[in-house]
There are 2 protein chains.
Amino acid sequence: MQITRQTEYAIRTMLELASRPRGEVLQVKIISERQGIPVEFLKKTVQLLSLAGLVKTRRGVQGGIMLAKAPEDVNMADIVKAIEGPIAFNICLEPGYICPNRDICPVSPVLARAQAAFLQELKRESLADLVKKHD
Amino acid sequence: MQITRQTEYAIRTMLELASRPRGEVLQVKIISERQGIPVEFLKKTVQLLSLAGLVKTRRGVQGGIMLAKAPEDVNMADIVKAIEGPIAFNICLEPGYICPNRDICPVSPVLARAQAAFLQELKRESLADLVKKHD
DNA sequence: ACAAAGTGGATATAATATATCCACTATAGG
DNA sequence: CCTATAGTGGATATATTATATCCACTTTGT
Ligand code: SF4
Ligand code: SF4
């Protein structure tokens with residue numbers, strides 16, 4: 001019932017990027033130092049963000065990463081999902097899982113609603129909102 | 001980012017109890033059979049429910065467990081908390097944990113709000129509500 | 001006395017989260 | 001072209017947590 005450490009790393013990374021002039025490239029190593037995140041682990045994390053289309057990367061000398069979208073167009077739910085995959089507060093809410101008592105089970109819908117409420121709160125917060133608060 | 005299996009066991013156990021005439025004692029073994037839950041594991045789960053004051057237990061012959069309160073007075077959040085302890089969607093929301101950047105961190109409040117939204121949805125659903133839907 | 005049923009501690013097993021290692025590929029710049 | 005740099009990707013290690021089992025004990029109705 002907790003976001004993973006990696007998810008927070010991802011959020012802080014996105015914040016770090018968003019606090020910079022648009023289009024600026026930042027090296028993963030620099031982010032790891034500034035945020036106190038193990039660099040090798042952060043690399044993996046960035047790959048997930050990249051796969052989700054939240055950051056663009058550039059290899060080689062002068063490389064690094066940058067936001068793929070404007071901070072206004074990225075919300076917290078996007079980032080959490082990028083790292084944790086589809087959110088499912090219970091096994092039966094995972095895509096593809098079929099529970100035999102699904103039809104008669106009163107628990108599943110309640111969890112689904114609670115989960116929706118959670119996600120909606122995250123969706124309401126854009127990266128830009130967060131950066132603003134930070135200042 | 002998921003409730004544990006044990007938490008669902010607890011919820012289903014409470015539902016099982018609530019679907020009975022008030023005050024009736026049910027044996028853990030029976031519940032485990034009817035719900036397909038490993039009995040030894042369910043015993044531990046019941047102890048947590050008991051500790052949280054959600055069920056009353058009686059030992060020995062003709063013993064078993066029963067609801068400690070009316071189904072109307074128990075909500076889903078109560079049960080989840082009974083098993084998982086205080087809910088904290090991130091480490092900094094755990095009671096007692098102090099994060100050095102807490103004061104300037106814009107992430108923490110967002111997660112706190114999302115968590116509150118989640119809990120509120122669970123609070124809105126009483127055990128009685130769920131049993132009703134089941135029928 | 002005896003069997004039933006919850007209590008509690010110890011342990012085993014599996015799954016997941018976190019972290020590290022290292023070989024590889026792409027790229028800017030000399 | 002060479003080289004240092006920086007992301008890519010696979011394999012592995014370690015720690016933590018979730019799930020499950022074992023068993024000795026206590027309580028209690030008959
Ligand atoms: S029993 Fe209900 S809550 Fe549990 S997995 Fe099946 S549908 Fe979901
Ligand atoms: S950095 Fe922010 S979100 Fe992360 S633990 Fe500290 S307060 Fe919480």
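Just so it is clear, the values below take in all heavy atoms, side chains as well, and ignore hydrogens, waters and symmetry mates.
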Rounded to whole Å, CG of B/Asn90 lies from C1' of C/dA17 at a distance of 14 Å
B/Gln2 CD to C/dA15 P, in whole Å, measures 14 Å
Among C/dA19, C/dG29, D/dG7, the one nearest any side-chain atom of A/Pro38 is C/dA19
Among the nucleotides C/dT20, D/dC23, C/dG29, whichever has the atom closest to the side chain of B/Glu40 is D/dC23
Tightest non-hydrogen contact, residues B/Arg5 and B/Glu8, listed as NH2-OE1, 2.6 Å
Looking only at D/dT5, C/dA4, D/dT8, the nucleotide nearest the B/Val61 side chain is C/dA4
Side-chain contact check for A/Arg5: nearest option of D/dT8, C/dT18, C/dG6 is C/dT18
Whole-Å distance, A/Lys43 NZ to D/dG10 C1', equals 13 Å
Per nearest nucleotide of DNA chain C, the residue lying toward the 5' end, A/Leu42 or A/Arg58, is A/Leu42
Exercise. Can a donor-acceptor pair under 3.5 Å be found between the side-chain atoms of B/Lys44 and the base atoms of C/dG6?
Worked result: no
To the nearest angstrom, the CG-C1' distance between A/Leu48 and C/dA17 comes to 13 Å
Carboxylate-amine/guanidinium proximity below 4.0 Å for A/Glu40 and A/Lys44 | no
Between A/Ser32 and A/Val39 the two heavy atoms that sit nearest each other are OG-CB, 3.6 Å
Atom CD of B/Gln47 and atom P of D/dT26 are separated, to the nearest Å, by 15 Å
It should be established whether B/Ser50 places a side-chain nitrogen or oxygen under 4.0 Å from OP1 or OP2 of nucleotide C/dG6.
no
Note to self: Under 4.0 Å, counting only non-hydrogen atoms across every strand here, what does B/Val46 touch: a base, just sugar-phosphate, or nothing?
What the structure shows: nothing
Which of D/dG29, C/dA28, D/dG7 is nearest the side chain of B/Gln62? It is D/dG29
Check your understanding: Hey, what's the ring geometry for B/Phe41 with B/Tyr9, parallel, tilted or perpendicular (30° and 60° as the breaks)?
Key -> perpendicular
The nucleotide from D/dA20, D/dT30, C/dT18 with an atom nearest the side chain of B/Tyr9 is D/dA20
Base of D/dT28 paired with side chain of B/Arg59 (donor-acceptor, under 3.5 Å)
no
The nucleotide from D/dG7, C/dG6, C/dT18 with an atom nearest the side chain of A/Thr4 is C/dT18
At under 4.0 Å between heavy atoms, what does B/Gly60 touch on the DNA or RNA strands: base, sugar-phosphate, or nothing?
base
From CD1 of B/Ile91 across to C1' of C/dA17 the rounded distance in Å is 13 Å
Nearest heavy-atom approach of B/Pro106 to A/Leu130 is CB-O, 3.6 Å
In whole angstroms, the gap separating P of D/dT21 from CD1 of B/Ile37 amounts to 13 Å
Between B/Gln6 and A/Gln27, the residue closer to the 5' end of DNA chain D by nearest nucleotide is A/Gln27
**OP:** Answer yes or no: is there a donor N or O on one side and an acceptor on the other, between the side chain of B/Asn75 and the main chain of B/Ala77, under 3.5 Å?
**Re:** yes
Atom CZ of B/Phe41 and atom P of C/dA12 are separated, to the nearest Å, by 18 Å
